[in-house]
Amino acid sequence: MSLPQPLKSVYALADANSFYASCEKVFRPELEGKPVVVLSNNDGCVIAQSKEAKAALALYMCRPWFEVKEAAEKIGTIAFSSNYELYGAMSNRFVQTLRHFSPRVEVYSIDESFMDMTGLRRDLSVYGHEIKHTVRQWTGLPICIGFGHSKTLAKLANHCAKKQPGWDGVCDLTSLSVPELDHLLASLEISTVWGVGKRLERRLHAVGVTNVLRLKHADPKRIRDKFGVLLERTVRELNGEVWLELDQMVPEANQVMSSRSFGHRLDSLTDLQAAISFHAGNAAERMRKKGLYANAVYVFIQNSPHDEAPYYCGQQMIALPSPTNSTQQITKAALWLLNKVYQPGVYYLKGGVMLMELVAEGGQQRELFGFSQQDSKNHRLMGMIDKVNAKYGRGTVKTAAEGVRQDWQMRRVLKSPGYLHQWKDLLKVR
DNA sequence: TCTGGGGTCCTAGGACCC
DNA sequence: TCTGGGGTCCTAGGACCC
C-alpha cells in the first residue's frame, strides 16, 4: 500500500517584457516595431528599451542619455520621460488579469507577479500560453511566464522563457526530467539566478562554481559558512525545496523615502527648503496611504560625485518624541535637519527625506518644534488634504514652505500624457 | 550642460554590560 | 605586573532586487 504523495509546490512567475517601453507602445500603436526607450528621472539615463532598441542599442541600458542620444536618434529611436502614474495604472490591470488564473497572487514588483499553481491539473505550458494571450488581449502588454517547484526556479524559468527563443515565452521547468533540467542548468551563468549579483558571481567563480548546475549541487552548509544564509537558501531552492513562501500580504513598510535629483544644481538654502518640504509632504502622504506613522525623520543633500568639487553628502536623522503622520510636523523636523546639514558654497544635485521606524499607531503628541495641535484636528486635516490632492492632483494643497515656483523640479520634457489617470489627457489616446 | 529612485536583508564590529 | 568570556544592542556598510 502506498501513501498519498504530498502535493509538490508549483509557482509561476509572470513578467512583462520591457515593461515601461511596452506601456508607452500600448497608447501609440504606430510605434510597433520601432525602437523605444524610456529615461530615468531628469531624463538622465536609459532605464527601459523595447526589443527593437535592445537589438540595435544593446549596450545603452543604464547609460546616460546625453551620451547615447545622437546614435539612438540616428536609427529613429523614440524616447520618453518616465511616466510612473501611467505605469502604475497599467501594472494594476496586469495584476487583475492574473488573478483570473490563480487565487493566490503575490505582486513582487511593478512588472512581475508570482502565482501559486500547486495542485492545478492542467498542462502548465498550455495554461501559460493562455495567460500570456489573455494579458496581451486585455492590457496590450507582452509577457513571459516561467514555472518551477520554488520561486527561485520559477524566476529562472522566466529568464529562460525570455532569453531562449525555443520556449515561445513560456517555460515550464516542472515538466523536465532531472537529466533534462540539469542539462539546461549547466548551460546557464550563475548571475541569472535570483539573488546572485556581480560580487557573488565573482566570488563563486573563484571557488569553481561556474554554472547554475554546480551551484545547485554545492553543499548548502559550506555555502552558508562562506557566503551567508541568503545564498544557502538559494541553493536549496534550486533543488526544489520551498524556502520562500508566496507572500500575498504586502509587507508593512519600515521606511518611506522621497528623493530625487533636482532639475539643476541648487546652492541657496531657500531653494533647498522648498525641495525638502516637497519631499517631506510627499513621503508623509505615501506613509498615510499605508496607514503608518513615523518615529524618525532623516534628511540628506548631496552634490554629484561626478562633479569636480569635492563630494559632500550632508545627512542627519532625528527621533521624534512620538509617532506622527502629520505633514506639518514632518516638514518642520525635515527643515530643522536641513539647516543642520546645509553648507553654503556647495552646488547640490540631489536631496530627500526618509521617514523611518514606521508603526501602525500614532502616539500622544508632545511638544517638539513647538507643535501643539490636537491629534484629532490634525487627523481630519491630513485626511482632507489627501482627498483634495487625490482628486485634483498632487500639489493642489501643500505647505507654504514648498513654494509656488518649483525651479528645482526635475525635467520630464518627453513625458507621455496621463492616459489612465488624468481626465484632461484621455482625449489624447489615439 | 546632462550620470535614477526606492527598497530589503544581513554582517561585522564597536560599545557596553555582568 | 596580570586584563576572560559571553551576551545584547546599535550602526555602518555591503549586497542584492526591480
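Convention: sequence-line order gives letters A, B, ...; per-chain numbering from 1.
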Quiz item: Distance from A:Ser9 atom OG to A:Lys151 atom NZ, nearest 0.5 Å?
Solution: 11.5 Å
Self-check item: Earlier contact from the 5' end, DNA chain B, for A:Arg224 and A:Val256
Solution: A:Val256
Self-check item: Nucleotide nearest A:Phe66 (side chain, heavy atoms from C-beta), chosen from B:dC2, B:dC10, C:dC17
Solution: B:dC2
Quiz item: When rounded to the nearest 0.5 angstrom, what is the spacing between OG in A:Ser268 and CD in A:Gln273?
Solution: 8.0 Å
Quiz item: Which part of the nucleic acid, if any, lies within contact of A:Arg286, taking any heavy atom under 4.0 Å across all strands shown: a base, the sugar-phosphate backbone alone, or nothing?
Solution: sugar-phosphate
Self-check item: Interatomic distance, A:Leu349 CG vs B:dG5 C1' [rounded to whole Å]
Solution: 13 Å
Exercise. Using a 4.0 Å heavy-atom cut-off across all strands, classify A:Ser258 as base, sugar-phosphate, or nothing.
Key: sugar-phosphate
Practice problem: Quick one: label A:Lys198 by what it contacts on the DNA or RNA (base, sugar-phosphate, nothing), any heavy atom closer than 4.0 Å. | Solution: sugar-phosphate
Self-check item: Nucleotide forming a Watson-Crick or wobble pair with B:dC18, both distances under 3.5 Å
Solution: C:dG5
Self-check item: Nearest listed nucleotide, side chain of A:Pro64, among B:dT3, B:dG6, B:dG4
Solution: B:dT3
Self-check item: Short side-chain N/O contact from A:Lys350 to OP1 or OP2 of B:dG5, under 4.0 Å
Solution: yes
Quiz item: Which residues pass the salt bridge (Lys or Arg N to Asp or Glu O under 4.0 Å) test with A:Glu232, sequence neighbours left out?
Solution: A:Arg224, A:Arg236
Quiz prompt | Nearest listed nucleotide, side chain of A:Lys155, among C:dC17, B:dT3, C:dC16 | solution = C:dC17
Quiz item: Contact class for A:Arg265 (heavy atom, under 4.0 Å): base, sugar-phosphate, or nothing?
Solution: sugar-phosphate
Exercise. Give A:Leu200 one of three labels, base, sugar-phosphate or nothing, depending on what nucleic acid heavy atoms sit under 4.0 Å from its own.
Key: sugar-phosphate
Exercise. Specify the separation, in whole Å, of atom CG of A:Leu358 and atom P of B:dT8.
Key: 9 Å
Quiz item: Checking side chain to side chain contact (heavy atoms under 4.5 Å, CB included) against A:Ile301, which of A:Leu266, A:Val341, A:Val346 comes through?
Solution: A:Val341
Practice problem: Describe the nucleic acid contact of A:Glu112 in one word from base, sugar-phosphate, nothing, applying a heavy-atom distance below 4.0 Å. | Solution: sugar-phosphate
Quiz item: What integer number of Å spans the C1' atoms of B:dG4 and C:dC17?
Solution: 15 Å
Quiz item: According to a strict under-4.0 Å criterion, is A:Ser259 in side-chain N/O contact with OP1 or OP2 of B:dG6?
Solution: yes
Quiz item: Could you give the OH-to-P distance, from A:Tyr108 to C:dC18, as a whole number of Å?
Solution: 5 Å
Self-check item: Separation of B:dT1 P from A:Glu70 CD (nearest whole Å)
Solution: 15 Å
Quiz item: B:dT3 C1' sits how many Å from A:Lys69 NZ, rounded?
Solution: 15 Å
Self-check item: Spacing of A:Tyr298 atom OH relative to B:dG7 atom C1', expressed in whole Å
Solution: 14 Å
Self-check item: Among B:dG4, B:dT11, B:dG5, the nucleotide that comes nearest once only the side chain of A:Val229 is considered
Solution: B:dT11
Quiz item: Would you say B:dG5 has OP1 or OP2 under 4.0 Å from some side-chain N or O of A:Ser261?
Solution: yes
Quiz item: Starting at the 5' end of DNA chain B, which residue's closest nucleotide do you reach first, A:Leu230 or A:Met354?
Solution: A:Met354
Exercise. Using a 4.0 Å heavy-atom cut-off across all strands, classify A:Leu231 as base, sugar-phosphate, or nothing.
Key: nothing
Practice problem: Would you please classify the geometry between the A:Tyr298 ring and the A:Phe300 ring as parallel, tilted or perpendicular, with 30° and 60° separating the classes? | Solution: tilted
Quiz item: Between A:Trp194 and A:Phe114, does a ring pair (Phe, Tyr, Trp, His ring centres under 6.0 Å) hold up when you go through it step by step?
Solution: CA-CA 14 Å; A:Trp194 192 26; A:Phe114 286 102; 5.6 Å; yes
Self-check item: Whole-Å distance separating the CG atom of A:Leu156 from the C1' atom of C:dC17
Solution: 16 Å
Self-check item: Pair A:Ser81-A:Asp43, side chain to side chain donor-acceptor pair (under 3.5 Å): steps then yes or no
Solution: CA-CA 6 Å; A:Ser81 304; A:Asp43 297 342; 2.7 Å; yes
Quiz item: For the pair made of CZ in A:Phe300 and C1' in C:dG13, what is the distance, rounded to whole Å?
Solution: 16 Å
Quiz item: Hey, does A:Val38 reach any base, or is it just sugar-phosphate, or nothing, if we go heavy atoms under 4.0 Å?
Solution: nothing
Quiz item: So which nucleotide from C:dC16, B:dT8, B:dG4 ends up closest to the side chain of A:Cys45?
Solution: B:dG4
